[in-house]
Amino acid sequence: MTKRPSILIARNIFPDVVARLREHFEVESNDTDGVLSPQELVARLQGKAGVLTTGSEKVDAALLAACPQLKVVANIAVGYNNFDVPAMTAAGVVATNTPDVLTETTADFGFALLMATARRLTESEHFLRAGQWNRWALDMFAGAEVNGSTLGILGMGRIGQAIARRGAHGFGMKVIYNNRSRLDAATEAECKASYVDKATLLREADHLILVLPYSAESHHAISAAEIAQMKPTATLINIARGGIVDDAALAQALREKRIAAAGLDVFEGEPKVHPDLLTVPNVVLTPHIASATIATRKAMANLAADNVIAFLTTGRAVTPINTLA
Ligand code: 8YV
């Protein structure tokens, strides 16, 4: 009997998904759920053919050189800026992610964060909990209109499109977007979204939501210069990745009310949060939970498991990112 391949699960995942993986592999899992240091990750990967990772584990050339038996790395995330994909391809390692299964859930959250930000939900709740509510007032926590306003979307992939549909069909918003490539006419019509250049997007959006992947190109795509082009009444929502927004510049702009408010689910250097963001009142802050429903997180873990099982048993992953020669 041939020896079963060994794999690592880098973080704690659902027991039924672990059980599925144990049907095929010798499985080592990180049950403490602490984020492994690069050295610990390399140590635990010795002799492993596959690994399930999250955005917290970095897979780079140094790790690949130290783990020559590795064949497949399955990210439990749609974004994969924690991977050096060219280095993985060069090392003959297949990279996979979890597209589609989180699209609608993440779009729901994007809309929740937009609504919470525009309508000052957390700011007003903190006020109430602090015992400061002693009378009703006409302008109390008056926020920005969502229905009928202009929704700007930067990054128009699957999640951007799902947000566009919610805005256009559910809230009667005018939807404008900017993306590296323009959508085909049928998709634009279905999303009721119009393509504009980035300057127009910044200038016209009442609510600007960021849904683009993080890369060297998108680093600080929203910094002081871009914020300066936005309406003073606008809200900015980031559910994409930390680093796309210059958090220090945003905190300063929020303090100076150069835009009305922001909603952030992702941060530069998370789980650390820029201290200035913690002291401005007009920002809603959440700890990277846009895909966090039980059903969706299970679907993500199962898809990552499917990728490892499929690749190590048939040589073909379900949702590969790279193509090996
Ligand atoms: C993940 C995400 O939960 O899918 C993504 O890209 O940002 C989240 O859904 C997170 O990255 C942990 O892997």
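For ligands, and for the atoms within them, numbers begin at 1 and follow the listed sequence. Counting begins at 1 with the first residue of the sequence.
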Atoms of ligand 1 less than 4.0 Å from [X] heavy atoms?
X	result
Arg241	2 (C), 5 (C), 6 (O), 7 (O), 11 (O)
Gly79	4 (O), 5 (C), 6 (O)
Met300	1 (C), 3 (O), 9 (O)
Arg297	3 (O)
Ser291	3 (O), 8 (C), 9 (O)
Thr54	13 (O)
Leu102	4 (O), 9 (O)

Subject >> Non-hydrogen side-chain atoms of Phe14 and Asn302 separated by less than 4.5 Å >> reply: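 Result no, sub-4.5 Å side-chain heavy-atom pair not found.
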
Subject >> Nearest neighbour in protein (non-hydrogen) for atom 10 (C) of ligand 1 >> reply: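 Heavy-atom neighbour on the protein nearest atom 10 (C) of ligand 1: His288 NE2, 3.8 Å.
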
Original post:
Looking at atom 4 (O) of ligand 1, what's its closest protein heavy atom, distance included?
Top reply: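 The answer is Val78 N, 2.7 Å.
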
Test item: [X] side-chain N/O and [Y] main-chain N/O as donor-acceptor pair under 3.5 Å:
X	Y	result
Asp265	His288	yes
Lys192	Glu188	no
Thr32	Gly34	yes

Original post:
Taking atom CZ of Arg166 as the centre, does the number of heavy atoms from other residues, nucleotides or ligands within less than 6.0 Å exceed 12?
Top reply: yes

**OP:** I would like to know whether Arg44 and Glu40 meet salt bridge (Lys or Arg N to Asp or Glu O under 4.0 Å); could you show each step before the answer?
**Re:** CA-CA 6 Å; Arg44 290 209 182 200; Glu40 285 170 321; over 6 Å; no

Subject >> Test: Glu123 and Arg120 ion pair at under 4.0 Å >> reply: yes

Subject >> ligand 1 N/O within reach of Ile76 N/O, cut-off under 3.5 Å >> reply: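 The answer is yes, given that Ile76 and ligand 1 share an N or O pair closer than 3.5 Å.
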
Subject >> N/O separation below 3.5 Å, Ala240 to ligand 1 >> reply: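 Ala240 vs ligand 1: no N/O contact under 3.5 Å.
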
**OP:** Please work out whether the ring planes of Tyr195 and Tyr177 are parallel, tilted or perpendicular, with thresholds of 30° and 60°.
**Re:** perpendicular

